[in-house]
Amino acid sequence: MASISMIGKLTALLSQAFVSCGLDPRHSRVIISDRPDLGQFQCNGALAAAKALKKNPRAIAEAVIAALPDREIFSDISIAGAGFINLTITDEFLASHMREMTGDGRLGCLKSSQPKNVIVDFGGPNVAKPMHVGHLRSTIIGDCLQRLFRFMGDNVTSDIHLGDWGLQMGMLICELKRRQPELPYFDASHAGPYPGESPVTIDDLEEMYPVASARCKGDENEMEAARAATAELQQGRPGYRALWGHFVAVSVSALKSDFGRLGVSFDLWRGESYYNDRLAGMIEGLKAGGHAQVSEGAIVVPVSSPSDKKEIPPLILEKSEGGYLYGTTDLATIEERTGEFHADLVLYVVDKRQHLHFEQVFRAAKIVSFARNAELEHIAFGTMNGTDGKPFKTRAGGVMKLKDLIAMVTENALERMRENRIAEDFDESERQSIARQVGIATLKFADLGNHRTSDYVFDVANFSRFEGRTGPYLLYTAVRIKSILRRASDEGLVPGPILAPTVPAERELMLNLCWLPEKIRNATAERAPNYLCDFIYTLAQVFSRFYQQCHILREEDPAVQSSWLALLQLCLRELELVLSLLGMEIPERM
RNA sequence: GCGCCUGUAGCUCAGUCGGAUAGAGCAACUGCCUUCUAAGCAGUGGGUCGGGGGUUCGAUUCCCUCCAGGCGCGCCA
């Protein structure tokens with residue numbers, strides 16, 4: 001039988017008391033105390049209940065306390081101020097809860113009662129465009145969410161949803177044609193086959209795209225040509241399809257390497273193009289069903305509603321000159337996800353500036369009955385700005401490539417190791433591996449630590465800092481625990497039953513270890529990785545305090561020492577779990 | 001013009017259905033390494049929570065208004 005969290009146990013007791021007083025048990029929620037000087041836990045429900053019933057809050061609090069069962073687990077129950085109920089549990093009850101957590105493979109975290117089919121759509125890189133720092137947020141937030149939902153027991157499918165079918169493909173085709181018109185891909189009379197070797201490398205593509213994009217922006221004729229090429233590609237012109245295949249293959253191989261460096265993986269590597277064959281039929285069906293109509297020469301699905309505060313433009317499925325848009329493929333993707341994958345929940349981890357687009361797509365999906373019963377959710381995140389407050393650019397004015405950013409933080413970590421003369425006697429491959437893990441942790445924590453929806457300032461200096469509230473601090477804490485456990489094991493010391501705490505720092509550590517299940521649940525419910533960051537950083541701080549005050553290996557009382565070893569194991573398991581949910585790897589030593 | 005978002009310590013940010021004395025890191029200053037890793041620990045100073053109203057026993061949190069900034073608004077993604 002799965003164990004219940006401390007908060008869960010206490011709330012259940014308060015809930016019983018509320019019910020027996022004839023009060024709404026919704027108000028019985030127990031939370032971590034804001035006033036540790038007055039109690040370890042608090043319940044503010046008496047105030048809310050009193051407000052609803054227009055009664056005296058202190059009287060209600062007193063009645064609730066009087067009705068509270070299992071009072072022997074509390075060392076103090078009191079009412080303060082307007083009617084706050086403050087609770088402190090006995091050290092023995094706290095220790096018994098620790099022992100219970102130790103015996104539970106999931107550390108007290110229940111799985112969701114009804115597992116859902118969840119699709120997480122994130123990353124969203126475009127073919128030919130290099131991964132830059134702007135892709136970092138979607139990638140690591142999305143990855144954290146897929147890990148969280150998987151941990152909660154849901155059936156998760158992650159999909160990169162590659163941008164491989166839009167206008168940029170037409171631009172690239174035109175750009176290459178300008179440079180190498182003699183290639184067979186451009187000869188409409190060429191009967192095939194086409195060369196198996198790509199005419200371009202990833203570096204070529206990354207160089208060509210900005211040039212092509214600027215040219216089209218500046219010249220309407222070039223833009224027309226790019227649109228025409230895009231339409232021809234989408235309609236299946238063989239030479240263009242062959243060329244496009246090379247573009248995609250070359251890009252995907254580079255992307256796999258970038259995502260691999262970050263430790264992020266996807267179940268599906270589908271792109272917009274995957275849905276191309278069903279687009280024409282889908283549009284025909286929607287026209288026949290009366291959902292799609294012609295407007296200003298384009299085929300659209302109107303999505304506005306009379307209750308809107310502002311006019312919501314229709315979702316355009318087909319441009320007036322032919323050719324599909326990303327809204328078209330998005331709609332087809334929803335039909336596939338709710339149909340073939342039976343998705344209950346689809347999360348789109350995309351920049352918040354695209355909110356209107358998702359509003360249009362989600363409404364359209366509902367109107368045309370593609371959404372079925374699935375919840376479609378735009379997991380919006382804020383812009384990453386430079387220190388000047390504007391979207392981040394390098395000094396050269398370009399965007400910083402993710403590959404370069406990762407190389408930079410890894411190099412900074414190595415530099416730090418040299419400065420502090422750490423790991424000098426480790427072999428080179430281990431040093432490299434530690435630097436990579438530290439660098440990635442720095443990067444991910446600096447990003448995930450901020451609330452998802454807020455814009456934040458990206459300062460390269462932040463990724464060179466390894467002190468204070470950073471990823472490396474968390475790794476360091478876990479590594480120190482591992483080190484102690486290793487030494488203890490070498491000395492033949494074994495963990496034993498966790499005993500009641502003997503010093504305040506130890507009690508604080510135990511209390512913080514109790515919060516885990518609620519923190520994970522809240523992070524999942526709010527889709528907010530920063531809740532995990534807050535929790536794990538505080539836990540690491542509390543552990544460090546305990547570590548400073550209590551010398552584990554030098555402890556003379558063997559029962560206390562083995563209790564502490566067990567406590568360390570438990571703390572390490574929480575660190576390992578949360579860091580893995582955040583997508584960080586812990587070295588054996590650092 | 002309309003809509004959405006943001007404004008919290010010098011800087012970067014938390015603050016989880018309204019709750020008690022608003023937190024952390026960095027920066028500044030003071031201590032702690034013959035003792036389990038100092039990427040650490042202990043401590044000091046630093047705030048009219050953008051301004052003003054309102055609801056409430058109670059507002060950083062909810063409502064209104066003003067100021068400042070950002071973003072979005074039919075054939076790009």
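Computed from a predicted model, the values in this text were never measured in an experiment.
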J.: Given B:C13, is OP1 or OP2 found less than 4.0 Å from the side-chain N or O atoms of A:Asn462?
T.: no

J.: Determine the contact category for A:Asn385: base if any of its heavy atoms lies under 4.0 Å from a base atom, sugar-phosphate if only primed atoms, P, OP1 or OP2 are that close, otherwise nothing.
T.: nothing

J.: Measuring to OP1 and OP2 of B:A14, would you say a side-chain N or O of A:Ser454 lies under 4.0 angstrom away?
T.: yes

J.: Reckon A:Tyr476 has a side-chain N or O less than 4.0 Å from the OP1 or OP2 of B:A39?
T.: yes

J.: Please lay out, stage by stage, how A:Arg486 and A:Glu588 fare under the test salt bridge (Lys or Arg N to Asp or Glu O under 4.0 Å).
T.: CA-CA 10 Å; A:Arg486 227 177 1 242; A:Glu588 277 311 301; 3.5 Å; yes

J.: If you look at every strand shown and take non-hydrogen atoms under 4.0 Å, does A:Ala50 touch a base, only sugar-phosphate, or nothing?
T.: nothing

J.: Looking across every strand, which nucleic acid part, if any, lies under 4.0 Å from A:Cys216 by heavy atom: base, sugar-phosphate, or nothing?
T.: nothing

J.: Using the six-membered ring for Trp and the full ring for Phe, Tyr or His, decide whether A:Phe84 stacks on the six-membered base ring of B:G19 (centres under 5.5 Å, planes under 30°).
T.: no

J.: Parallel, tilted or perpendicular: which fits the ring planes of A:Phe458 and A:Phe463, with parallel below 30° and perpendicular above 60°?
T.: tilted

J.: Which of these passes side-chain hydrogen bond (donor to acceptor under 3.5 Å, both in side chains) with A:Tyr456: A:Asn462, A:Asp447, A:Asn385?
T.: A:Asp447

J.: On a whole-Å scale, what distance lies between the P atoms belonging to B:U8 and B:G15?
T.: 14 Å

J.: If the plane angle is over 60° it's perpendicular, under 30° parallel, otherwise tilted; pick one for A:His357 and A:Tyr326.
T.: parallel

J.: Indicate, with a heavy-atom threshold strictly under 4.0 Å, whether A:Glu526 touches base, sugar-phosphate, or nothing.
T.: nothing

J.: Would you say A:Lys309 places a side-chain N or O within less than 4.0 Å of OP1 or OP2 belonging to B:C4?
T.: yes

J.: Give a yes/no on whether any side-chain N or O of A:Gln541 is located under 4.0 angstrom from OP1 or OP2 of B:G25.
T.: yes

J.: Is A:Tyr547 stacked against the base of B:C36, taking the criterion as centroid distance under 5.5 angstrom and interplanar angle under 30°?
T.: yes

J.: Look at A:Arg227 and B:C76 and indicate whether a side-chain polar atom (N or O) is within less than 4.0 Å of OP1 or OP2.
T.: yes

J.: So does A:His451 get a side-chain nitrogen or oxygen closer than 4.0 Å to the phosphate oxygens (OP1/OP2) of B:G15?
T.: yes

J.: If the cut-off is 4.0 Å, is A:Lys352 near the phosphate of B:G70, judged by side-chain N/O to OP1 or OP2?
T.: no

J.: Is the terminal nitrogen or CZ of A:Arg469 (NZ for Lys, CZ for Arg) located under 6.0 angstrom from the six-membered ring centre of A:Tyr537 and within 45° of that ring's axis?
T.: yes

J.: Has A:His551 got its ring stacked on the base of B:C36, with centres under 5.5 Å and planes less than 30° apart?
T.: yes

J.: Could you tell me whether A:Gln42 contacts a base, only the sugar-phosphate backbone, or nothing, with contacts defined as non-hydrogen atoms closer than 4.0 Å?
T.: base

J.: Mind checking if A:Ser320 touches a base, just sugar-phosphate, or nothing, with heavy atoms under 4.0 Å?
T.: base

J.: A:Arg487 side chain: which of B:U16, B:A14, B:C36 is closest?
T.: B:C36

J.: How would you label the contact of A:Leu38 with the nucleic acid (heavy atoms, under 4.0 Å): base, sugar-phosphate, or nothing?
T.: base

J.: Should B:C11 form a Watson-Crick or G-U wobble pair with both distances under 3.5 Å, which nucleotide is its partner?
T.: B:G25

J.: How is A:Tyr473 classified with respect to the nucleic acid when contacts are heavy atoms under 4.0 Å: base, sugar-phosphate, or nothing?
T.: sugar-phosphate

